[in-house]
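This report concerns only the one structure given below.
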Number of protein chains: 2
Amino acid sequence: MTKEPKDSANISPPRKSAGPKRTQAQRTEETTTALFEATMELMLSDGLSRLTTQAIAKKAGVSRGALTHHFQSREELIAEAIHHHLTALNEKLLAFAETMQRNETEVGAIADFLWKMMSGGVFYVTLEYLPEVRHNESLKARLVPVTKEFHNGLEAIWSHVAEKTSCDPKQASVILNMTMCLFRGMIAQTILRDDPDYYRDMLTQWKQILPVLLQREAGAPPSSSN
Amino acid sequence: MTKEPKDSANISPPRKSAGPKRTQAQRTEETTTALFEATMELMLSDGLSRLTTQAIAKKAGVSRGALTHHFQSREELIAEAIHHHLTALNEKLLAFAETMQRNETEVGAIADFLWKMMSGGVFYVTLEYLPEVRHNESLKARLVPVTKEFHNGLEAIWSHVAEKTSCDPKQASVILNMTMCLFRGMIAQTILRDDPDYYRDMLTQWKQILPVLLQREAGAPPSSSN
DNA sequence: ATTTCAAAACATTCATGTTTGTTTTGAAAT
DNA sequence: ATTTCAAAACAAACATGAATGTTTTGAAAT
């Protein structure tokens with residue numbers, strides 16, 4: 001009797017004191033979202049390969065039994081957690097797109113918003129599950145639709161930009177998608193190259209280049225060179 | 001895309017009957033490089049998380065005992081395999097840099113070379129071990145120097161470009177590093193967005209933009225906007 | 001001969017999924 | 001209203017399997 005394995009006692013805010021009377025739907029909702037959030041936080045902090053169900057349960061403040069009750073497998077939990085995460089991100093994106101319509105927003109500010117959004121851990125998380133997607137068709141099938149929604153959200157932003165800059169919409173789309181790809185590549189590089197000045201320079205330079213690219217050749221069709 | 005029917009045509013048989021007279025050093029060299037290559041090939045095809053020592057040994061055509069004889073742990077083998085891989089990549093890069101000095105090479109061709117190099121599986125492999133680097137300080141410490149060499153190889157190319165375009169060297173460096181980041185982000189995106197036209201458009205557009213960016217404002221200092 | 005390299009068998013660890021048991025909710029019946 | 005019962009939510013322990021590291025045995029080179 002040296003120690004009683006009373007888990008969930010000292011980890012994060014205890015779930016027990018949430019309220020004595022909770023409806024069933026509330027209970028499931030609370031624990032599943034707690035598991036989702038714990039999953040994504042641990043994915044960011046420790047990595048997908050170190051993401052064990054016990055760690056998730058512990059962080060979420062529930063038992064492993066509860067976890068297995070709500071999710072058939074570790075893989076399913078992770079897939080749904082990512083889905084949940086991406087859905088929330090999409091909403092953030094659409095909210096910004098709506099804000100843009102009301103207020104005047106220049107491209108530099110848009111770049112800043114996207115950079116802040118991506119570099120704040122979001123793309124590190126993406127880098128965790130992207131390799132898994134490459135080798136897991138079912139996960140890929142599950143995430144492709146949400147990803148498409150994300151791209152739609154971006155396109156909504158792009159089209160606003162195209163309107164204001166009198167740039168060919170399709171071309172504007174390409175250029176702004178480049179922005180996203182650039183950011184992805186930059187964030188990926190931060191892992192092996194710790195050099196804040198390097199990234200700051202690149203970001204400021206790109207913000208200067210962007211309006212130039214968007215204004216030039218409003219009518220000139222892209223010559224199909226090779 | 002990824003075809004290497006070159007040396008790994010036969011998986012298992014060749015080791016024993018390879019040659020009756022091999023010096024000790026040769027034996028170790030052959031098996032270790034066989035293990036390195038098997039490691040990297042499997043990392044690309046199956047992913048780091050599915051990379052087991054038994055699979056590596058099998059693919060390399062040696063026993064697991066041989067593997068553990070030469071490497072203290074799975075982690076060490078993987079670390080050295082990546083190191084080996086990056087060293088080979090650096091040599092390829094430097095060879096290209098030298099070729100550039102002799103022949104006239106325009107930026108479009110440089111972009112094509114880099115894109116081909118990266119998109120031919122190299123960056124997929126990077127995406128496999130990058131998350132691990134994030135959570136494994138010792139691996140990071142081991143790879144940072146080789147990565148730095150890689151950046152040096154790129155800078156060698158960049159400086160040649162700067163000479164020919166009469167562009168501020170530092171600015172040329174930033175723009176060309178953007179190119180690399182752009183490519184990284186594009187390749188990462190291919191995993192969840194299978195849309196060849198999308199990437200082709202982006203690549204051709206960027207090749208058109210590149211000379212414009214490199215020629216403009218040879219002396220204009222970057223104003224601290226925003 | 002003795003040192004190095006390679007193969008096979010063994011042991012350990014660890015995370016998952018499974019099973020069994022307990023508590024809480026919700027609703028029908030009295 | 002209270003009681004009773006069923007189903008869902010939660011908890012804890014067990015068992016399987018896979019992968020790593022270790023030890024033992026055998027072969028090839030100096």
Side-chain angles (χ1 to χ4, degrees), chain A residues 1 3-11 14-36 38-39 42-43 46-79 81 132 136, chain B residues 11-35 38-39 42-43 46-79 81 132 136:
Chain A
M1 298 166 201
K3 55 174 180 177
E4 282 297 314
K6 206 75 157 181
D7 71 329
S8 82
N10 41 14
I11 297 301
R15 303 219 71 66
K16 294 191 170 184
S17 62
K21 293 275 179 183
R22 293 143 70 213
T23 178
Q24 301 272 67
Q26 275 179 326
R27 297 215 297 172
T28 53
E29 211 273 338
E30 282 178 31
T31 60
T32 50
T33 56
L35 286 168
F36 287 160
T39 299
L42 286 172
M43 197 183 295
D46 296 0
L48 180 58
S49 67
R50 292 162 178 77
L51 193 58
T52 68
T53 52
Q54 24 220 1
I56 296 171
K58 192 175 173 185
K59 177 133 199 164
V62 300
S63 72
R64 253 192 89 245
L67 187 153
T68 63
H69 173 71
H70 289 287
F71 301 94
Q72 281 188 336
S73 69
R74 167 185 181 270
E75 195 174 327
E76 190 187 306
L77 165 58
I78 291 173
E132 178 64 21
N136 190 331
Chain B
I11 300 302
S12 31
R15 292 235 79 64
K16 294 196 171 182
S17 59
K21 304 213 174 178
R22 291 145 70 213
T23 179
Q24 299 272 65
Q26 276 179 328
R27 293 213 299 172
T28 53
E29 212 273 338
E30 283 179 30
T31 59
T32 50
T33 57
L35 287 167
T39 300
L42 285 173
M43 197 183 294
D46 296 0
L48 180 58
S49 67
R50 291 162 178 79
L51 193 58
T52 68
T53 52
Q54 23 220 0
I56 296 171
K58 192 177 172 185
K59 177 132 199 166
V62 300
S63 72
R64 254 190 87 246
L67 187 153
T68 62
H69 173 72
H70 289 288
F71 300 96
Q72 280 189 336
S73 70
R74 168 185 181 271
E75 195 174 328
E76 190 187 304
L77 165 58
I78 291 173
E132 177 65 20
N136 189 331

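Computed from a predicted structure; not experimentally measured. Proteins come first, then strands; the chains are lettered A, B, ... in the order of their sequence lines, and each starts at number 1.
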Which residues pass the side chain to side chain donor-acceptor pair (under 3.5 Å) test with [X], sequence neighbours left out?
{"X": "B:Arg64", "value": "B:Thr53"}
{"X": "B:Glu75", "value": "B:Asn136"}
{"X": "B:His70", "value": "B:Thr31"}

Separation of [X] atom [atom1] from [N] atom [atom2], in whole Å?
{"X": "A:His70", "N": "D:dA8", "atom1": "NE2", "atom2": "P", "result": "12 Å"}
{"X": "B:Phe71", "N": "D:dA19", "atom1": "CZ", "atom2": "C1'", "result": "18 Å"}
{"X": "B:Glu30", "N": "D:dA29", "atom1": "CD", "atom2": "P", "result": "11 Å"}
{"X": "A:Leu67", "N": "D:dA12", "atom1": "CG", "atom2": "P", "result": "14 Å"}
{"X": "A:Gln72", "N": "D:dA9", "atom1": "CD", "atom2": "P", "result": "14 Å"}
{"X": "A:Arg74", "N": "D:dG17", "atom1": "CZ", "atom2": "P", "result": "19 Å"}
{"X": "A:Arg64", "N": "C:dT16", "atom1": "CZ", "atom2": "P", "result": "7 Å"}
{"X": "B:Glu29", "N": "C:dT4", "atom1": "CD", "atom2": "C1'", "result": "16 Å"}

Let me confirm one number: the [atom1]-[atom2] distance from [X] to [Y], rounded to the nearest 0.5 Å.
{"X": "A:Thr32", "Y": "A:Leu67", "atom1": "OG1", "atom2": "CG", "answer": "10.5 Å"}
{"X": "B:Gln26", "Y": "B:Thr28", "atom1": "CD", "atom2": "OG1", "answer": "9.0 Å"}
{"X": "A:Leu35", "Y": "A:Leu77", "atom1": "CG", "atom2": "CG", "answer": "6.0 Å"}
{"X": "B:Ser49", "Y": "B:Met43", "atom1": "OG", "atom2": "CE", "answer": "10.5 Å"}

Non-hydrogen side-chain atoms of A:Arg74 and A:Ile56 separated by less than 4.5 Å:
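They are not in side-chain contact.
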Using a 4.5 Å cut-off on heavy atoms from C-beta on, say whether the side chain of B:Leu51 contacts that of B:Asp46.
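A side-chain contact under 4.5 Å is absent here.
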Can you list every stem that DNA chain D is part of, counting only runs of 3 or more consecutive Watson-Crick or G-U wobble pairs with both distances under 3.5 Å?
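Output for stems: C:1-30 with D:1-30.
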Which nucleotide sits closest to the side chain of [X]: [options]?
{"X": "A:Ser63", "options": "D:dG21, D:dA8, D:dA12", "answer": "D:dA12"}
{"X": "B:Ala66", "options": "D:dC10, C:dC5, C:dA6", "answer": "C:dA6"}
{"X": "B:His69", "options": "D:dA11, D:dT20, C:dC5", "answer": "C:dC5"}

Minimum heavy-atom separation for A:Ala60 and A:Ala34, please, with both atom names.
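Closest approach of A:Ala60 to A:Ala34, heavy atoms only: CB-O, 3.6 Å.
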Which heavy atom in A:Val62 sits nearest to a heavy atom in A:Ala66, and how many Å separate them?
CB-CB, 4.1 Å
Quick one: is C:dC5 close enough that its OP1 or OP2 comes under 4.0 Å of any side-chain N or O from B:Arg27?
no
Check the phosphate of D:dC10 against A:Thr31, side-chain N and O only, distance under 4.0 Å to OP1 or OP2. Yes or no?
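For D:dC10, OP1 or OP2 has a side-chain N or O of A:Thr31 closer than 4.0 Å.
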With a non-hydrogen cut-off below 4.0 angstrom, is A:Thr68 in contact with a base, only sugar-phosphate, or nothing?
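Answer is base: heavy atoms of A:Thr68 come under 4.0 Å of a base.
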Which atom pairs link the protein and nucleotides 26-28 of chain C when you take only N or O atoms and keep those under 3.5 Å?
from	atom 1	to	atom 2	distance (Å)
C:dG26	OP1	A:Thr23	OG1	2.3
C:dG26	OP1	A:Gln24	N	3.0

Among all residues two or more places apart in sequence or in another chain, which pass the ring-ring contact (aromatic ring centres under 6.0 Å, His included) test with B:Phe71?
B:Phe36
Using a heavy-atom distance cut-off of less than 4.0 Å, which residues of residues 47-56 of chain B contact DNA chain D?
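Heavy-atom cutoff 4.0 Å gives B:Leu51, B:Thr52, B:Thr53, B:Gln54.
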